[in-house]
Amino acid sequence: RFLNRLTPPGTILEINSERLAYSKLFHQAGYSLIDIETTEIKLQHPNQYAIDTMYKPLEELLLSYRSLQGIWAHQSFSYYPRKDLLDILERCLDWLSPEGVISFCMPEGDGEMVRQSLTGYGNKKLLRVFYQADELASMLELAGFQVIEAWREEHNDFNYIHVICMNPR
């Protein structure tokens with residue numbers, strides 16, 4: 001769904017590329033990838049499809065204004081405190097070219113919780129945040145995005161709200 005909204009060539013920012021299958025798909029479709037990893041563990045296996053892989057908290061990332069055609073964040077935003085999401089979304093909007101597209105998902109629910117990390121992330125606890133669909137839609141609108149598509153999907157531990165949004169500017 002994400003790639004159907006884009007026209008190559010261009011650059012996609014992939015945040016925490018958990019599944020290299022997505023990276024490979026983006027690469028084969030003709031996109032350059034910038035891979036940002038927010039956990040050092042992932043750097044032990046660099047993304048072979050990316051033009052650059054770096055460990056950096058998203059809030060410290062400096063990219064040129066409107067330099068990206070797409071942002072693939074999958075579940076990455078669900079690990080940031082709720083109070084930070086609007087700022088993160090506004091930064092992403094600045095990085096996206098006009099009609100650029102962002103795709104991500106959030107677990108459906110209310111509030112925040114801390115739980116033991118999953119395999120591969122070391123012995124640390126991770127924050128998870130939850131949103132209701134209408135709350136997430138309001139946040140995206142406030143940040144300046146236009147929601148193009150939204151759907152719910154069950155996955156192992158949670159129901160997820162998936163969104164694809166566009167920079168309308």
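Reckoned from all heavy atoms, side chains included, excluding hydrogens, waters and symmetry mates. Note that the numbering runs from 1 along the sequence shown for the chain. On a predicted model such as this, the values are computed, not experimentally measured, just so you know.
- Judged by distance alone, with hydrogens and angles left aside, the side-chain atoms of E135 form a donor-acceptor pair with the main-chain N or O of Q132 at under 3.5 Å.
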Run E149 and R1 through salt bridge (charged side-chain N to carboxylate O under 4.0 Å, His left out) and show every step you take. CA-CA 9 Å; E149 195 174 349; R1 292 178 178 188; 3.3 Å; yes
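- For E90, the CD atom sits in a packed shell: over 12 heavy atoms of surrounding residues, nucleotides or ligands are nearer than 6.0 Å.
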Using a 3.5 Å cut-off and no angle test, enumerate the donor-acceptor pairs between side-chain atoms of residues 59-73 and protein atoms at least two apart in sequence or in another chain.
| residue | atom | partner | partner atom | Å |
| --- | --- | --- | --- | --- |
| S67 | OG | S64 | O | 2.7 |
| Q69 | NE2 | T7 | O | 2.7 |

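- Side-chain contact between R5 and I148 is present, with at least one heavy-atom pair separated by less than 4.5 Å.
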Carefully, step by step, assess E99 and N167 under the rule side-chain contact (heavy atoms from CB on, under 4.5 Å). CA-CA 5 Å; E99 299 186 7; N167 179 354; over 6 Å; no
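- For the side-chain contact (heavy atoms from CB on, under 4.5 Å) with F145, the lone residue among I164, V163, L140, V101 that qualifies is L140.
- Here the side chain of S76 pairs a donor or acceptor atom with the backbone of I15 at under 3.5 angstrom.
- Between R152 and E108, at least one side-chain nitrogen of the basic residue sits less than 4.0 Å from a carboxylate oxygen of the acidic one, meeting the salt-bridge criterion.
- Taking the six-membered ring where the residue is Trp, Y22 and F26 present parallel rings, their angle staying beneath 30° rather than reaching 60°.
- I36 is connected to F77 through a chain of hydrophobic side-chain contacts under 4.5 Å among Ile, Leu, Val, Met, Phe, Trp and Tyr, so both are in one cluster.
- Both F104 and I88 belong to a single network of hydrophobic side chains, linked directly or stepwise wherever heavy atoms of I, L, V, M, F, W or Y lie under 4.5 Å apart.
- Atom CG of residue L13 and atom SG of residue C92 lie 7.0 Å apart, to the nearest 0.5 angstrom.
- Judged by the 6.0 Å distance and 45° axis criteria, R82 is not positioned over the aromatic ring of F130.
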